[in-house]
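Counting starts at 1 for both ligands and their atoms, following the listed order. None of the values given here were measured: they were computed from a predicted structure.
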Amino acid sequence: MSEGSTTRYRIGYALAPKKVKSFIQPSLLNLAKERGIDLFPVQTTKPLIDQLPFDCIIHKSSDPEWRNQLEQLLMQKPNIVVIDRPEAIERLHNRVTMLQAVNQLEIGNGFSIGVPKQVSVENPQSLIDSVASSGLRFPVIVKPLVANGTACSHKMSLVFNEEGLRGLNLSQPFVLQEFVNHGGVIFKVYVAGKHIQCVKRRSLQDISEEKLGISENSVSFSQISNVTAQDHNDDGVEKLVEAAELPPSSFVTEVASQLREALKLNLFNFDMIRDSRVEGRHLVIDINYFPGYAKMPCYETILTDFFLDSVRKKPSVVSKDC
Ligand SMILES: Nc1ncnc2c1ncn2[C@@H]1O[C@H](COP(=O)(O)OP(=O)(O)OP(=O)(O)O)[C@@H](O)[C@H]1O
Ligand SMILES: O=P(O)(O)O[C@H]1[C@H](OP(=O)(O)O)[C@@H](OP(=O)(O)O)[C@@H](O)[C@@H](O)[C@@H]1OP(=O)(O)O
Ligand SMILES: [Mg+2]
Ligand SMILES: [Mg+2]
């Protein structure tokens, strides 16, 4: 907020209680307030139009009624900044469509970006044939096709061989994604508009050819890279994460900026791994809408800067002090 300006902005948030608890912390409310932004909870059960005025609305709600409300509002009040458009968010709710934009990115200077080889399987009965016909190589990770925020959507299996596939009890469509050795650390890149921050997180460990031959058939796991979902007693992995080198920030920024443009989204993070097979090659394995920003160092400043960017970019709003 420029010195002496008395303009105040109203931002409404429509978030699940768990998200309000983790994201709308007093430290964020206070810093935003100091800089001219007042954050208000939106009642998703009451007509949105009756809760105006808002300069901007941020949301992460899978309630179908909420989506209708939002679409109504967008038609009646095109000036209100909605972060982000439901149709753009929808793309991230499917583990095939979420990654499609990655292959369109144009990255140079000795770096390249892609996605692991993967195939979606609608009918579990055709599982073995799908692997054979797609040329996928073991190990593979079996991920629910739908990534809609439920606990189920994070339940995965690392499968070492065909026996492991046969042993799975699959009842929903899923994606078989090739496991790629990447040094046991993932790079989680948080994006809030033009603000980007890359952090390191624990990951599945590399799998040698020898291990492939003697391991169990499959291993189940869930949210292995999410610090809030993991304990910290495995020092070995922590040391590996600490020792890992972040990719150059110019590369990370370029990928994040192009991805933001391609996805037409402002609030997301993506998981990127270094492809141990090819120097300079990185793979995007997951993209998440409105992730756990509060785990980011200085999240209050980053998000407040983003909020100000967003409301100031609105079609001209006459400042009260002019
Ligand atoms: N293709 C892959 N190759 C190697 N490791 C992978 C691959 N896909 C996933 N992983 C590992 O499994 C973890 C979970 O995968 P993914 O991020 O797709 O799941 P998620 O449930 O969407 O996670 P999040 O909590 O980030 O939303 C990754 O953080 C990484 O450690
Ligand atoms: O809240 P958390 O800190 O666990 O944030 C996680 C977030 O949970 P929440 O949005 O329901 O809170 C997850 O959302 P859904 O996919 O389940 O919708 C997903 O975005 C994870 O990637 C986030 O973890 P992070 O990527 O930041 O490590
Ligand atoms: Mg992930
Ligand atoms: Mg995810």
Side-chain angles (χ1 to χ4, degrees), residues 16 18-19 22 60 62 89-100 102-103 113-120 131 134 136-160 172 174-191 197-208 211-212 215 218-230 234 237-238 240-241 244 256 259 263 265 267-278 281-296:
K18 169 181 174 264
K19 197 67 170 172
S22 69
K60 179 177 188 179
S62 47
I89 299 171
E90 198 61 33
R91 191 185 290 118
L92 298 193
H93 290 165
N94 175 300
R95 292 188 188 275
V96 170
T97 54
M98 75 161 67
L99 297 180
Q100 281 168 340
V102 177
N103 287 321
I113 192 83
V115 298
K117 196 169 177 180
Q118 65 177 25
V119 62
S120 64
V131 173
S134 62
L136 283 184
R137 293 163 51 92
F138 288 105
V140 295
I141 298 188
V142 181
K143 305 184 181 186
L145 181 63
V146 173
N148 61 1
T150 59
C152 280
S153 68
H154 295 287
K155 288 205 180 334
M156 306 189 165
S157 295
L158 174 60
V159 179
F160 296 95
Q172 56 181 338
F174 53 92
V175 168
L176 290 172
Q177 189 181 84
E178 269 186 1
F179 174 91
V180 178
N181 281 336
H182 55 284
V185 178
I186 67 154
F187 305 114
K188 198 169 266 282
V189 184
Y190 286 87
V191 178
Q197 191 171 110
C198 182
V199 298
K200 297 180 287 186
R201 289 283 178 78
R202 64 176 53 226
S203 183
L204 294 174
Q205 298 311 296
D206 286 355
I207 300 166
S208 63
K211 170 151 167 81
L212 201 48
S215 66
S218 71
V219 176
S220 298
F221 64 95
S222 174
Q223 294 193 286
I224 190 172
S225 305
N226 183 325
V227 285
T228 46
Q230 301 298 325
D234 179 348
V237 176
E238 287 310 309
L240 196 62
V241 172
L259 206 45
L263 295 172
L265 288 174
L267 291 178
F268 64 96
N269 76 11
F270 58 95
D271 294 345
M272 186 168 68
I273 58 176
R274 192 171 276 135
D275 184 341
S276 302
R277 302 167 299 189
V278 181
R281 184 156 177 74
H282 290 70
L283 304 175
V284 176
I285 56 173
D286 179 31
I287 306 177
N288 301 293
Y289 188 66
F290 208 134
Y293 285 105
K295 292 176 287 191
M296 235 181 10

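- Of the polar atoms of R202, none of the N or O atoms is found under 3.5 Å from an N or O of ligand 1, judged by distance alone.
- With a heavy-atom cut-off of 4.0 Å, I224 touches ligand 1 through its side chain alone.
- Atom numbering of ligand 1 starts at 1 in the shown order; those under 4.0 Å from a heavy atom of I186 are 29 (O), 30 (C), 31 (O).
- Nearest non-hydrogen protein atom to atom 31 (O) of ligand 1 is S203 OG, 2.5 Å.
- When distances to the Mg ion (ligand 4) are checked against a cut-off of 2.8 Å, S153 contributes no N, O or S atom below that limit.
- When each atom of ligand 1 is checked for a heavy atom of D271 under 4.0 Å away, the hits are 17 (O), 26 (O).
- Counting only distance, with no hydrogens or angles, the side chain of K117 and the backbone of E178 share no donor-acceptor pair below 3.5 Å.
- Minimum heavy-atom separation, Q118 to V96: NE2-CA, 3.8 Å.
- Here H154 contributes atom NE2 and N226 contributes atom CG; the two are 8.0 Å apart, rounded to the nearest 0.5 Å.
- Judged purely by atom type and a 3.5 angstrom limit, R95 uses its side chain to pair as donor or acceptor with the backbone of P144.
- Of all protein heavy atoms, the one lying nearest to atom 15 (O) of ligand 1 is M156 SD, 3.8 Å.
- The closest donor-acceptor contact from the side chain of Y190 to the backbone of L267 lies at 3.5 Å or more, if one exists at all.
- Which parts of ligand 1 touch V180 is read off a 4.0 Å heavy-atom cut-off, strictly below it: atoms 3 (N), 4 (C).
- Set against the non-hydrogen atoms of F179, the atoms of ligand 1 under 4.0 Å away are 3 (N), 4 (C), 5 (N).
- Every atom of ligand 1 is numbered from 1 in the order shown, and the set under 4.0 Å from a heavy atom of D286 is 16 (P), 17 (O), 18 (O), 20 (P), 22 (O), 23 (O), 24 (P), 26 (O), 27 (O).
- Given atom 21 (O) of ligand 1, the protein heavy atom at minimum distance is H154 ND1, 2.6 Å.
- Taking atom 12 (O) of ligand 1 as the reference point, the nearest protein heavy-atom neighbour is F221 CE1, 3.5 Å.
- Within D286, OD2 is the N, O or S atom that lies nearest to the Mg ion (ligand 4).
- The Mg ion (ligand 3) lies closest to atom OD2 when only the N/O/S atoms of D271 are considered.
- Across all non-hydrogen atoms, the minimal contact from I207 to K211 is CG2-CG, 4.1 Å.
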Worked verdict on M98 versus D286 for side-chain contact (heavy atoms from CB on, under 4.5 Å): CA-CA 8 Å; M98 75 161 67; D286 179 31; 3.8 Å; yes
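- Side-chain N or O atoms of N94 include one that pairs as donor or acceptor with a backbone N or O of T97 at under 3.5 Å.
- The backbone N or O of S225 lies less than 3.5 Å from a partner atom in the side chain of R201, making a donor-acceptor pair.
- The neighbour count for K155 NZ, taken as heavy atoms of other residues, nucleotides or ligands under 6.0 Å away, does not exceed 12.
- Within ligand 1, counting atoms from 1 as listed, the ones closer than 4.0 Å to a heavy atom of K188 are 26 (O).
- Each of the following atoms of ligand 1 lies closer than 4.0 Å to a heavy atom of I141: 2 (C), 5 (N), 6 (C), 7 (C), 8 (N), 9 (C), 10 (N).
- A side-chain donor-acceptor contact under 3.5 Å links K19 to the backbone of F290.
- Atom 25 (O) of ligand 1 has its closest protein heavy atom at Q223 NE2, 3.7 Å.
- Within the set R201, R95, H182, the minimum heavy-atom distance to atom 5 (N) of ligand 1 is found for H182.
- The closest protein non-hydrogen atom to atom 11 (C) of ligand 1 is L204 CD1, 3.8 Å.
- Protein heavy atom closest to atom 18 (O) of ligand 1, with residue, atom name and distance, is K143 NZ, 2.7 Å.
- Among the candidates V140, I141, V131, L176, the single residue satisfying the side chain to side chain contact (heavy atoms under 4.5 Å, CB included) test with V159 is V140.
- Comparing S225, G292, A151, S153 by heavy-atom distance to atom 29 (O) of ligand 1, the nearest is S225.
- If you number the atoms of ligand 1 from 1 as listed, the ones under 4.0 Å from a heavy atom of Q177 come out as 1 (N), 2 (C), 7 (C), 8 (N).
- From N269, atom CG reaches atom CG of L259 across 10.5 Å, with rounding to the nearest 0.5 Å.
- Checked by atom type and distance alone, the side chain of K200 never pairs as donor or acceptor with a backbone atom of V185 at under 3.5 Å.
- Some N or O of N288 is nearer than 3.5 Å to an N or O of ligand 1, by distance alone.
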